[in-house]
Amino acid sequence: MSTSRRGFLKGILGTGAAGAAATALPGCAPDIDPAPVTDVTASAEGTVLLNVARYPDLERVGGALTVRVAGEDQDLLVTHAAQNDFSVLSSLCTHAACPLGFDGREVVCPCHLSKFNPADGSVTQRPATVGLRKFASRYNAGTQVLSIDLRAGEDGFPTAVGGEVRLPFAQFPTLRDNGSVVEGVPGGYGKRIFVFRLADGSLSAVDGLCTHQACEVSSRPAEQDLICFCHNSIFTAQGDVVQGPAVLPLKKFTVTETTDAVVVTGVQ
């Protein structure tokens, strides 16, 4: 069942003046609710199968559904923009981590009215400045089943094999340079990782999901750190918390170096 926008905003902002602001807001802005929520499980390979006909909120063109996957850090926002046209994105706004809704054309944040392109997650209206993560999916019109691959990687980035990702210097030459960072999503893992060559020449690799509310962090090469724009948590290149609200470090991986590559292990 969906949460009304007024009730959701009151829950976020509280009562008194903030609550009054939440009550008044729908009078001057579109009344967008967070998408309704359903709980599912994924296969051992990280595949979610949705029979669209079972979800009226998603089946209609212009509909959307928030999908919570057991054991996963991030919820998914599934949108139905046109006939047989579905898209799967991360479900929290990158501005302040509010659950997102869909107005039939754009993904909309009920809190501050940031907007995103449902096709690729790019920002179309601020205050958000960072796009949403897009998940690989495929729709079978004959069976009405939407298949979502949670472990898909980025094109051109190495795949995790047996929990190991090899980054050849021939492909990633900047990893030889002190103060550099390489990032990408390995196939078989499905989440962004960051690999740093620190100023002293040592190596570090961390997972890209903030430990506060599972928003994706961004690297700041000049500062040699990582920032989560949802609530401005900051982490060192080794994943340790510099600034909250996050209190737990990022997931850390073991990094070794051969003559021709950097090897990241524990990516599973």
Side-chain angles (χ1 to χ4, degrees), residues 3 8 11-12 34-42 46-48 64-79 87-102 107-112 114 116 118 120-123 127-137 148-154 160 183-194 205-220 225-253 266-268:
T3 302
F8 172 75
I12 292 291
V37 178
T38 192
D39 294 294
V40 303
T41 57
T47 301
V48 173
L65 192 68
T66 300
V67 178
R68 294 190 302 211
V69 185
E72 293 294 321
D73 298 309
Q74 284 187 311
D75 296 342
L76 313 174
L77 178 70
V78 184
T79 62
S87 185
V88 185
L89 304 168
S90 51
S91 70
L92 297 181
C93 181
T94 55
H95 172 240
C98 293
L100 295 164
F102 183 54
V107 173
V108 183
C109 176
C111 291
H112 305 105
S114 294
F116 305 84
D120 61 8
S122 59
V123 177
T129 59
V130 177
L132 303 173
R133 178 184 171 196
K134 182 176 174 63
F135 293 82
S137 63
I148 305 168
D149 185 358
L150 301 178
R151 304 290 180 263
E154 282 183 341
E183 63 180 88
V185 181
Y189 185 61
K191 291 178 283 189
R192 186 168 302 277
I193 67 171
F194 294 85
V206 296
D207 181 87
L209 289 186
C210 180
T211 54
H212 177 231
Q213 287 192 344
C215 292
E216 198 169 64
V217 301
S218 299
S219 65
R220 299 194 298 183
D225 67 8
L226 298 151
I227 184 169
C228 175
F229 287 106
C230 285
H231 294 105
N232 290 322
S233 294
I234 298 175
F235 303 86
T236 68
Q238 294 94 336
D240 297 317
V241 178
V242 174
Q243 173 179 298
V247 295
L248 297 176
L250 299 175
K251 180 179 178 180
K252 303 176 184 182
F253 304 109
V267 187
Q268 54 194 2

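Here the structure is a predicted model, which is why all the values come from computation and not from measurement. Note: hydrogens, waters and symmetry copies are ignored here, and every other heavy atom, side chains too, is used.
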Looking at every non-hydrogen atom in both residues, tell me the closest pair between [X] and [Y] and how far apart they are.
X   : Y    : value
S90 : F135 : N-CE1, 3.7 Å
A35 : L77  : CB-CD1, 3.6 Å
L89 : D120 : CD2-C, 4.2 Å

If we only count heavy atoms from C-beta on, is the [X] to [Y] side-chain gap below 4.5 Å?
X    : Y    : result
T94  : L132 : yes
F253 : D207 : yes
F116 : S122 : no
P118 : V107 : yes
F194 : V217 : yes
L76  : L150 : yes

Ignoring hydrogens and angles, tell me if any N or O in the side chain of [X] forms a donor-acceptor pair with the backbone of [Y] under 3.5 Å.
X    : Y    : answer
S137 : S87  : no
H231 : A96  : yes
Q243 : N232 : yes
S219 : L226 : no
S233 : A246 : yes
T66  : V37  : no
T211 : L250 : no

Let me confirm one number: the SG-NE2 distance from C215 to H95, rounded to the nearest 0.5 Å.
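The SG atom of C215 sits 11.5 Å away from the NE2 atom of H95.
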So among L209, L92, V69, which one has a side chain to side chain contact (heavy atoms under 4.5 Å, CB included) with Q74?
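Single side chain to side chain contact (heavy atoms under 4.5 Å, CB included) partner of Q74 among L209, L92, V69: L209.
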Do C93 and C230 pass the disulfide bond (SG atoms under 2.5 Å apart) test, and can you show the C-alpha distance, the side-chain angles, and the key distance before you say yes or no?
CA-CA 7 Å; C93 181; C230 285; over 6 Å; no
Looking at C98 and C111, is the distance between their SG atoms under 2.5 Å?
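Yes.
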Is [X] salt-bridged to [Y], cutoff N-O under 4.0 Å?
X    : Y    : answer
R68  : D39  : yes
D240 : K252 : yes
K191 : E216 : no

Chi angles and distances behind the salt bridge (charged side-chain N to carboxylate O under 4.0 Å, His left out) call for R151, E72
CA-CA 11 Å; R151 304 290 180 263; E72 293 294 321; 2.9 Å; yes
